[in-house]
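Inspection log for the structure reproduced underneath, given as structure tokens.
What you see is a predicted model, and the numbers here were worked out from it, not measured in a lab. Chain naming here is simple, since letters A, B, ... match the order of the sequence lines and numbering starts at 1 in each.
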There are 2 protein chains.
Amino acid sequence: MTTASKRKTSMADRVYEALKDDIFEFRLLPGDKFSEGDVGTRLDASRTPVREALYRLQREGYVEVLFRSGWRVKPLDFEQIEDLYDLRITLEKAAIHKICELPEEPSAIRTLVAIWNPDHPSERAVGSTVRALDESFHCDLVAAAGNREMARIHREISDRLRIIRRLDFTRNDRVDATYKEHAQILDAIRRGDAQTAADDLARHIRISQKAVKEITMERIREAAQRHRQAENATEGSPDQA
Amino acid sequence: MTTASKRKTSMADRVYEALKDDIFEFRLLPGDKFSEGDVGTRLDASRTPVREALYRLQREGYVEVLFRSGWRVKPLDFEQIEDLYDLRITLEKAAIHKICELPEEPSAIRTLVAIWNPDHPSERAVGSTVRALDESFHCDLVAAAGNREMARIHREISDRLRIIRRLDFTRNDRVDATYKEHAQILDAIRRGDAQTAADDLARHIRISQKAVKEITMERIREAAQRHRQAENATEGSPDQA
DNA sequence: GGTTGAATACTTGTATACTAGTTAAATTGT
DNA sequence: ACAATTTAACTAGTATACAAGTATTCAACC
């Protein structure tokens, strides 16, 4: 049953998700090379859906194809990440201004206020779920502005940044700060003070950006270390000429 | 010589360009259905590169696939176009603010000033080239802000809007206005007056947006008319029961 | 040891064969 | 004449075969 179409999700989708996960979980490290055949064998699929998945990941900036010479996981480009964060801030600030100019407050805002109200600290989730909550806070904020294309692009950027943002809430002080900052932003929005909200939001993102950058670099060093050790372990004894 | 790889451009690229052109030139109308096989036969390519091109066009929002039931040119969604214009304005305004905050004026600005200086009306190009010039004005402006991701997204949006923006400069008054408005924006930027520049730019885009919308709707009606006539011509004599 | 070069194993790009699902026409029963 | 049902043609999804270019290996040579 090689032709395992699960009715709903296509083979190409499954390969896409699997590869994306490999990249996100650092099983495929930035710089790693691999071939379409490898992936196909590993995930029990033919090259056709593998290619489709790879081209999709290429367009999203995760991998690149070397003409007739295999594929490579794109190295993390910190300058690019800076740019993505910058763009994220631009979009979210614009969204805030739009929301404040709306004739009436979107219902989504009230929902967010309920979630991020610091008066209900008992409902605070732990690290792993806070990450998802934080991402959806920013996504929902942009969505509330009512521009679907802006929301789409913002989601694309969030996807691209998730690989490093997920390392944020590993410390409790970041969780606490996030709750306070989100509540602050929402409060300014409800007062209609777009300028203050936008400034608070920009500061909020910059802080998380800085925290995450340090952790990421450390993690990559660790992963590379493990990688090298695993390689050495498979070799009988390294040549030393 | 079915396997006509021209060394530099792949078959998939050629198919992609050809299809995009078909859509832009209204040879494929919004709503038209077609199959991978059709395209392959018409462009003398196998289904594999055709599929790659189609999936690319799908991701860019020009076509959609109906499960095991063919492809369709996505109908023009005017709400989406409004959103794209809106997003374009957001990005370009942000770019202007960034440029004005830069320590020194980017050289690209001086280049633009030279091109769009109304004191040199002799160099004004005619309609078709002005369209390309206008697009590159806005792209260069964003690029000058120095955020490559922002420039990339802006280019993507410009691509998406080109199909209708190309109908702008069909009247001389729009050409004249464009020159004046661009010069005005650049002037404000050079004075460091980001607010004025941003406002002028937003107005400039809105004007062109409105002009283009009317022309587009008319053109689509015309194309649909021609389409119907061609269909009727091929039929011997329509059944009338 | 160091360099060159041909053979070879891999790689992606493309074509084609086959499968599963959809659609619309043809056929049949009433 | 019409509705329901069968069937045949057509569709994209997938697997595989082949072509064309790339990287690597390894032996021959200096």
Side-chain angles (χ1 to χ4, degrees), chain A residues 1-19 28 31-59 62-74 231 234-236 238-241, chain B residues 1-19 28 31-60 62-74 231 235-236 238-241:
Chain A
M1 88 139 190
T2 54
T3 167
S5 72
K6 289 286 187 287
R7 192 65 53 85
K8 204 69 227 164
T9 65
S10 69
M11 212 54 160
D13 287 337
R14 296 197 326 116
V15 173
Y16 169 82
E17 293 296 341
L19 280 174
L28 278 174
D32 276 1
K33 290 184 68 175
F34 59 93
S35 77
E36 297 173 359
D38 291 345
V39 178
T41 309
R42 188 159 59 83
L43 301 178
D44 197 45
S46 82
R47 275 184 58 214
T48 308
V50 170
R51 298 189 96 238
E52 193 187 311
L54 283 172
Y55 279 116
R56 220 171 125 191
L57 289 166
Q58 182 187 33
R59 251 202 69 73
Y62 296 108
V63 298
E64 62 187 335
V65 57
L66 288 60
F67 183 65
R68 244 150 248 219
S69 170
W71 291 78
R72 178 167 59 184
V73 181
K74 263 201 175 176
E231 259 181 2
T234 55
E235 296 172 12
D239 301 328
Q240 317 195 41
Chain B
M1 98 135 184
T2 55
T3 167
S5 70
K6 288 286 187 286
R7 191 62 52 86
K8 205 68 228 167
T9 66
S10 69
M11 211 57 161
D13 287 337
R14 295 198 325 117
V15 173
Y16 169 81
E17 293 296 340
L19 279 175
L28 279 174
D32 277 1
K33 290 184 68 175
F34 59 93
S35 77
E36 297 174 358
D38 291 345
V39 178
T41 309
R42 188 158 59 83
L43 301 178
D44 197 45
S46 81
R47 275 184 59 213
T48 308
V50 170
R51 298 188 95 238
E52 194 187 310
L54 282 172
Y55 279 117
R56 221 171 125 192
L57 288 166
Q58 181 187 33
R59 261 203 66 74
E60 291 170 9
Y62 296 108
V63 298
E64 62 186 335
V65 59
L66 288 60
F67 183 64
R68 243 152 251 216
S69 171
W71 291 77
R72 177 166 60 183
V73 181
K74 262 201 175 175
E231 258 180 2
E235 296 171 11
D239 298 330
Q240 319 196 39

Every protein N/O within reach of nucleotides 5-11 of chain D N/O, cut-off under 3.5 Å:
from   : atom 1 : to      : atom 2 : distance (Å)
D/dT11 : O3'    : B/Gly70 : N      : 3.0

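Counting only heavy atoms from C-beta outward, the side chains of B/Glu60 and B/Tyr16 approach each other to under 4.5 Å. In this structure, A/Lys33 and A/Leu66 have side chains that are in contact, with non-hydrogen atoms separated by less than 4.5 Å.
Each of C/dG13, D/dT14, D/dG13 was ranked by its minimum atom distance to the side chain of A/Tyr55; first place goes to C/dG13. Of the candidate nucleotides C/dT22, D/dA17, D/dT22, C/dT22 has the atom lying nearest to any side-chain atom of B/Phe67.
Rounded to whole Å, the distance from CZ on A/Arg72 to P on C/dT11 is 16 Å. Computed from coordinates, the B/Leu43 CG to C/dT14 P distance equals 13 Å when rounded to whole Å. Computed from coordinates, the A/Arg47 CZ to C/dA17 P distance equals 18 Å when rounded to whole Å. Across the protein-nucleic acid pair, A/Lys33 atom NZ and D/dT24 atom P stand 7 Å apart, rounded to whole Å. For A/Leu54 and C/dT12, the CG to C1' distance is 11 Å, given to the nearest whole Å.
Nearest heavy atom pair, residue A/Val65 against residue A/Gln58, reads CG1-NE2, 3.2 Å.
Atom CG of A/Leu57 sits about 8.0 Å away from atom OH of A/Tyr62, to the nearest 0.5 Å. Separation of atoms CG (B/Leu54) and CZ (B/Arg47) is listed at 10.0 Å; rounding is to 0.5 Å.
Side-chain contact annotation: B/Arg51 with B/Tyr55, donor-acceptor N/O pair under 3.5 Å present.
One finds no side-chain N or O of B/Arg51 lying less than 4.0 angstrom from the OP1 or OP2 phosphate oxygen of D/dA12. Note on B/Ser46: every side-chain N or O is 4.0 Å or more away from OP1 and OP2 of C/dT14.
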